[in-house]
Amino acid sequence: MKLLIIGGGGHLGRLVGPALAESHRVTVADRIPDLRLEWATTIEVDVLDQDALTRAAEGMDAIVYMAMGTKEGWDSPAWARSQFDVNVTGLYNALQAAPRAGVRRVVIAGSLSVFDAFLSSTDDATPDAVDAYGLSKRLGEDVAHAAAREHGLHVTILRLVLPMADDVWQSSSEDKHATVMTSASDTAAAFGAAILRDEPGCTAMTITGDHERRHLDWSRAETLLDWRPLSRRPRAVVASVEAFSRVED
C-alpha cells in the first residue's frame, strides 16, 4: 500500500515507521526541514496547511496521523497551544484532506491519556481528561468521529501507552507505569494491523504491553485487529517490575 505518515519524522514515527516500510511504500510528511529517512520518501508539510496535506495525500491508500506537539515548556501556554494545534486543528485538517484526495482509510496515533485515570479505563468508557495534552487528544477523537460520519471515512484510533524502543522497554523496571508500557515492535504491529482494517466509522482501542491484562484490557484490539502484545521482558526485569509496583502501590 501507499502510506502517508503525517508527523512520521518524530519519536513515534521513527519507532514504527521502518517496520511499516518493510511491507508498504511510505511517504513521511513532516514540518522538519530537510528531513532524511532511509526507509521513506519525505516531504515538508505543516499540519496547519490543509491544502498542502491534500496534495500530499493524493494517490495514497491510507493516512497514518502521528504528528505530535512540542515537548518543550511543559504546561506553559505555548506548550498547550502546540498540543491543540496538532491534536485538534492539525488532525481536523488531515481528516478533511483525506476525502478531498480520495483517501478513505485513516489510522490515528491516539493516547490512553484521554482518560484522567487511565489505569482504570476501558475502551467503552467516556474520555474525561482535563489536562491540556489529554484534553487535546480527547477532542481529537471527537474530530475523528465527526469526520468519519461526515465523509464516510474508515478511522481507527490506537490509544497508545508509552511506546518505546524495544531495548529500552526490555530494561525498564523502576517506573510506576512499567507494567503497561508498550514495546516499539508491538506498537508497530498494531499500526500494521490497523492499516489493513477497512471498516466504516471511527473506532478507538487500547494498545498496551500489559500482556496479562492486569491493569488494561486490549480485547477490542484483539477482536478487531487480531493484535496482542507479544514482547516479553527477561525474568529478572519482570521480578524487578513487580517489586517496584508493590512499593509504588
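The two residues Thr187 and Pro163 have their closest heavy-atom pair at OG1-CB, 3.6 Å. Closest approach of Ser231 to His211, counting heavy atoms only: O-CD2, 4.4 Å. Here the closest non-hydrogen pair linking Gly69 and Ser82 is CA-OG, 3.3 Å. The heavy-atom pair separating Ile32 from Gly9 by the smallest distance is CD1-O, 3.8 Å. Nearest heavy-atom pair, Ala40 versus Val28, reported as atom, atom and distance to 0.1 Å: CB-CG2, 3.8 Å. The minimum heavy-atom distance linking Ala109 with Leu160 is given by the pair CB-CD1, 4.2 Å.
Following chains of ILVMFWY side-chain contacts shorter than 4.5 Å, one can reach Phe191 starting from Ile5, so the two form part of one hydrophobic cluster.
In this structure a side-chain-to-backbone donor-acceptor pair under 3.5 Å is missing from Glu141 to Val114. Thr156 contributes no side-chain N or O that, together with a main-chain N or O of Val107, makes up a donor-acceptor pair within less than 3.5 Å. Distance alone, capped at 3.5 Å, places no donor-acceptor pair between the Asp166 side chain and the Ser183 backbone. Between the side chain of Arg105 and the main chain of Ile195, a donor-acceptor pair closer than 3.5 Å is present. One N or O on the side chain of Tyr65 and one on the backbone of Leu91 form a donor-acceptor pair closer than 3.5 Å. Here the side chain of Ser171 pairs a donor or acceptor atom with the backbone of Asp167 at under 3.5 angstrom. Under the 3.5 Å distance criterion, the side-chain polar atoms of Asp186 are left unmatched by any main-chain donor or acceptor of Thr208. A donor-acceptor pair under 3.5 Å is absent between the side-chain atoms of Ser23 and the main chain of Leu20, judged by distance alone.
A cation-pi arrangement, defined by a distance under 6.0 Å to the six-membered ring centre and an angle within 45 degrees of its axis, is absent between Arg228 and Trp218.
Between the side chains of Asp198 and His154, at least one donor N or O lies within less than 3.5 Å of an accepting N or O.
Considering CD of Gln170 and CZ of Arg232, their distance stands at 10.5 Å, rounded to 0.5 Å. Distance check: Ile207 CD1 to Met205 CE gives 7.0 Å after rounding to the nearest 0.5 Å. Ser120 OG to Phe115 CZ: the interatomic distance, rounded to the nearest 0.5 Å, is 9.0 Å. Arg159 CZ to Ile157 CD1: the interatomic distance, rounded to the nearest 0.5 Å, is 7.0 Å. For the atom pair His145 NE2 and Leu95 CG, the distance stands at 11.0 Å (nearest 0.5 Å). One distance of note links NZ of Lys71 with CD of Gln83; it measures 10.0 Å at 0.5 Å rounding.
A side chain to side chain contact (heavy atoms under 4.5 Å, CB included) with Leu112 is found for exactly one of Leu162, Val161, Leu119, namely Val161. Just one of Asp124, Thr122, Thr206 meets the side-chain hydrogen bond (donor to acceptor under 3.5 Å, both in side chains) condition when paired with Arg220; it is Asp124.
Here side-chain hydrogen bond (donor to acceptor under 3.5 Å, both in side chains) pairs that include residues 27-47, with residues two or more places apart or in two chains, number zero. Listed by first then second residue, pairs satisfying side-chain hydrogen bond (donor to acceptor under 3.5 Å, both in side chains) with a partner in residues 126-137 read Asn87-Ser136, not counting sequence neighbours.
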Handout entry: Stepwise side chain to side chain contact (heavy atoms under 4.5 Å, CB included) check, Met164 with Met181
Key = CA-CA 8 Å; Met164 60 188 64; Met181 294 170 171; 3.4 Å; yes

Practice task
Determine, step by step, whether Leu230 and Ser185 satisfy the side chain to side chain contact (heavy atoms under 4.5 Å, CB included) criterion, reporting the C-alpha distance in whole Å, the side-chain angles of both residues, the deciding distance to 0.1 Å, and the verdict.
Solution key: CA-CA 9 Å; Leu230 300 179; Ser185 55; over 6 Å; no

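Listed by chain and residue number, Asp217, Glu222 satisfy the salt bridge (charged side-chain N to carboxylate O under 4.0 Å, His left out) test with Arg213 (two or more places apart in sequence, or in another chain).
Within the 6.0 Å centre-distance limit, the rings of Phe118 and His177 are counted as a close aromatic pair.
Salt bridge Arg197/Glu199: absent, no basic N to carboxylate O contact under 4.0 Å.
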